Amino acid sequence: MNILGMFGPGENPSAALLINGKLIALVEEERLNRIKMSPNNLPINAAKLCLKIGGIDINSINGIAWGWDCIKYEKYLEKINKKIKNKKNHNYLQNELNKNLYSPNRIKRAIKIAFSDQLKKKMPQIHFITHHLCHAASAFFCSGFKKSNILTLDGSGEDLTTMLCEATGEKIKIVKKITIPNSLGGYYATFTEFLGFKPYMDEGKLMGLAAYGKYSKKIQSKLDKFIKYNKKTGIFKINNKLRYDGKHTFGERFTDEFVKIFGKKRSKNASALTKPYPDIAYNVQLRLENIAKLLAKNLYIKNKIRNLCLAGGVAMNCKMNGELSKEKYVDNIFVQPAASDNGVSLGAAQILTLKKGGKLKTNLTNVYYGPKYTNRQILKHLKESKLNFYKSKDIFKEAAKFLYNKKIICWFQDRMEFGARSLGNRSILASPLFKDMRDKINMNVKHRENWRPFCPSVIDEDYEKYIDSKIKSRFMTVALPINKNMKKKIPSCVHVDDTVRAQIVDKKNNLKYWKLIKEFKILSGHGIIINTSFNIQGEPIVCSPRDALRTFGGTGLDALIIGDYIIKK
């Protein structure tokens, strides 16, 4: 059984291929068209690449699973448009929802045209599947748990923004739904914009900034006017007059009435560290965490299940995930590494596989399901670049020596990762032992705010030496406390709140990366290194050798280790 999962045309379109219930490929469109998050695009290139990786074509596909119920959404839009057509000050809501992009007929035509050159029979049927159910499936069916509670939290999917579920075996039971306009993703996006960042793209900046702020009873009181929640259940409600209903003179996602309460939006010239912005970020983050903890707690109270799965764009908030992992009712936590809409194609494919009577084999232990480039292919690009390079006799020892000598390197190996994090195959690496390394990477390589933190990769046998938590973090999706005696030894990968967003690296899932960190340990005594995504701010993670060479050449990187070849500056 060959199932092609797809999602688009929102942000983070992607495609996934399951053959006999096994994940073969998962690729994001942005990696191929080089447009960050690839908004409003269909995942055509990603789908074709998935089929190529699987060694099949569209004629072998038994069904296409689409991670958005376009038929339901079309009816929902008709209902909303009738409701707001003759009302004033609803322009923002109308612009946000009134999109023909999700027309089922448009999508069917586009897919048929895209594959017309290889189609030899009738086009496979497209099954439109509820967005939040796809989120839930992508987390639970990859977790390895036999049963679990599930929280899906995002901006919106059709009319839903939040879903609480419990899952056992192959069944997902929906316990509670929350609909538009009450949205935690929308809440967080509003303050992302207010703090001078790009909503639905820079939420991680708000999260990082929050660590520099402090609790404020006054700000919490103001937040009560924007988002109220039940202190027992966590069920929340957005004040439409502060987000939707009213003039939007100063921003798209907040009204003028909002500005009267919270003040002026941060200008680009003002530092994000200037008061009151860190304190606003702290309290916005705290409110999110409090709501999420109550929602998860009430699921546990109902069924006593101590496993928790998370998906949806809000689940990319690793600080929230870390706080959830500390709760007494959570023994194990699994966060889908492509928790945003880039993982929805996988969830859709999983659901359709089960619907057609198949069995799933999607327990996720790594994220390396993208394209791979051979040494021969890499060599061709290197020769075209006319740069000086050489073939290494031992890339692991050479790379480790670079790191030990305070060099910043990029590491390009094997199949590309999916998800927002580089996890050792398309990564920028550095030693965490130097105090100034964070500033050096932010300024000379990533070209981003100097207060933003970096994450570590640590070999599995040394994980407990550095991380003070029962939770095993494999995909950099959970912020966990650092062991206090290690904070001063690895200063450049510990955030100001003494947390790290770690990645466990083991031999089975990434032998090459494990060997590199092991060699660094031989030199330094520490089996841990800084790992950040191989890209610059505003661009997708590099995918091909050509992408790698361009990014390497335009930044302050010291060396590129690509396949078995090395380029030094």
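Quick note: residue numbers are just sequence positions, from 1. Please read these numbers as outputs of a predicted model, since none were measured by experiment. Quick note: numbers below take in every heavy atom, side chains included, and nothing from hydrogens, waters or symmetry partners.
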Step-by-step side chain to side chain donor-acceptor pair (under 3.5 Å) determination, Thr499 to Asp497: CA-CA 6 Å; Thr499 64; Asp497 60 1; 2.7 Å; yes
Test log, rule side chain to side chain contact (heavy atoms under 4.5 Å, CB included), inputs Tyr329 and Lys293: CA-CA 10 Å; Tyr329 51 84; Lys293 285 191 283 189; 3.7 Å; yes
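Nearest approach of Ser469 to Leu480, heavy atoms of both residues: OG-CD2, 3.5 Å. The two residues Leu516 and Ala400 have their closest heavy-atom pair at CD1-N, 3.6 Å. Shortest non-hydrogen contact noted between Glu327 and Lys470 is O-NZ, 4.3 Å. Pairing each heavy atom of Thr161 with each of Gly155, the nearest pair is CG2-O, 3.3 Å. Across all non-hydrogen atoms, the minimal contact from Asn483 to Glu464 is ND2-O, 2.8 Å. Heavy-atom minimum distance, Glu417 versus Gly424: OE2-N, 3.2 Å.
Considering only heavy atoms from C-beta on, Val175 comes within 4.5 Å of Leu299 through its side chain. Taking 4.5 Å as the limit, every side-chain heavy atom of Leu160 sits out of range of all side-chain heavy atoms of Thr152. Ile467 has its side chain within reach of Val500: a pair of non-hydrogen atoms, C-beta onward, lies under 4.5 Å apart. With contacts defined as side-chain heavy-atom distances shorter than 4.5 Å, the pair Ser138/Val344 does not qualify. The closest side-chain heavy-atom distance from Met6 to Ile111 is below 4.5 Å. Inter-residue side-chain proximity for Ile428 and Trp411 is flagged as unmet; no heavy-atom pair is nearer than 4.5 Å. Using a 4.5 Å heavy-atom cutoff, the side chains of Asn307 and Asn149 are not in contact. Ile351 is not listed as a side-chain neighbour of Ile172, based on a closest heavy-atom distance of 4.5 Å or more.
In this structure a side-chain-to-backbone donor-acceptor pair under 3.5 Å is present from His131 to Gly67. Under the 3.5 Å distance criterion, the side-chain polar atoms of Arg426 are matched with a main-chain donor or acceptor of Cys543. In this structure a side-chain-to-backbone donor-acceptor pair under 3.5 Å is missing from His135 to Leu153. In this structure, the side chain of Ser427 does not engage the main chain of Leu429 through any donor-acceptor pair within 3.5 Å. Checking side-chain atoms of Glu28 against main-chain N and O of Asn342 turns up no donor-acceptor pair under 3.5 Å. Side-chain atoms of Thr130 do not come within 3.5 Å of backbone N or O of His132 as any donor-acceptor pair. Side-chain N or O atoms of Gln336 include one that pairs as donor or acceptor with a backbone N or O of Ala338 at under 3.5 Å. In this structure a side-chain-to-backbone donor-acceptor pair under 3.5 Å is present from Ser473 to Ala502. A distance-only check finds no donor-acceptor pair linking the side chain of Lys508 to the backbone of Thr365 [under 3.5 Å]. In this structure, Asn41 contributes its side chain and Pro39 its backbone to a donor-acceptor pair below 3.5 Å.
The existence of a salt bridge linking Glu170 and Lys355 is excluded, since no basic side-chain nitrogen approaches an acidic carboxylate oxygen closer than 4.0 Å. In this structure, Asp506 pairs ionically with Arg474, as a charged nitrogen and a carboxylate oxygen lie closer than 4.0 Å. By the 4.0 Å N-to-carboxylate-O rule, Lys205 lies close enough to Asp202 to be salt-bridged with it. Taking a cutoff of 4.0 Å between a charged side-chain nitrogen and a carboxylate oxygen, Lys484 and Asp468 do not qualify as a salt bridge.
Gln285 and Tyr188 share a side-chain donor-acceptor pair at under 3.5 Å. Side-chain contact check for Ser533 and Asn535: at least one donor-acceptor pair (N or O, by modelled atom type) lies under 3.5 Å. For the residue pair Asn531/Ser457, the side-chain donor-acceptor check at 3.5 Å is satisfied. One side chain, Ser345 or Ser14, offers a donor N or O that lies under 3.5 Å from an acceptor on the other. No side-chain donor from either of Glu519 and Trp514 sits under 3.5 Å from a side-chain acceptor of the other. A side-chain donor-acceptor contact under 3.5 Å links Glu29 and Asn45. For the 3.5 Å distance criterion, the side chains of Tyr368 and Asn510 qualify, holding a donor opposite an acceptor. At a cut-off of 3.5 Å, with distance as the only test, no side-chain donor of Asp414 or Asn425 sits close to an acceptor on the other residue. Under the 3.5 Å distance criterion, with hydrogens and angles disregarded, a donor-acceptor pair is assigned to the side chains of Asn33 and Ser38. Checked by atom type, the side-chain pair Asn366/Asn509 shows a donor-acceptor distance below 3.5 Å. Counted by atom type alone, Asp462 and His526 present zero donor-acceptor pairs between their side chains at under 3.5 Å. Judged by distance alone, the side chains of Arg306 and Tyr300 do bring a donor and an acceptor atom under 3.5 Å apart. There is a side-chain donor-acceptor pair under 3.5 Å between Gln220 and Arg287. For the residue pair Asn303 and Glu166, a side-chain donor N or O sits within less than 3.5 Å of a side-chain acceptor on the partner.
Here the straight-line distance linking atom CD1 of Ile178 with atom CG of Leu184 works out to 7.0 Å at 0.5 Å rounding. In this structure, NZ on Lys231 lies 9.0 Å from NZ on Lys228, to the nearest 0.5 angstrom. Atoms CZ and OG1, on Arg243 and Thr190 in that order, are 4.0 Å from each other to the nearest 0.5 Å. In this structure, CG on Leu17 lies 14.5 Å from NZ on Lys52, to the nearest 0.5 angstrom. Note that CD1 of Ile129 is 11.5 Å distant from CD1 of Ile64, once rounded to the nearest 0.5 Å. From Leu295, atom CG reaches atom CG of Asn230 across 10.0 Å, with rounding to the nearest 0.5 Å.
Lys72 NZ: more than 12 foreign heavy atoms inside a 6.0 Å radius.
For the ring-ring contact (aromatic ring centres under 6.0 Å, His included) criterion with Tyr102, the lone passing option out of Trp66, Tyr76, Phe128, Tyr73 is Tyr73.
Figure legend: cation-pi geometry between Lys198 and Tyr200 absent, as NZ or CZ is not positioned both under 6.0 Å from the six-membered ring centre and within 45° of its axis.
Ring orientation note: the planes of Phe226 and Tyr187 are tilted relative to one another, at an angle of 30° to 60°. Taking the six-membered ring for Trp and thresholds of 30 and 60 degrees, Phe412 and Tyr373 have ring planes inclined between 30 and 60 degrees apart.
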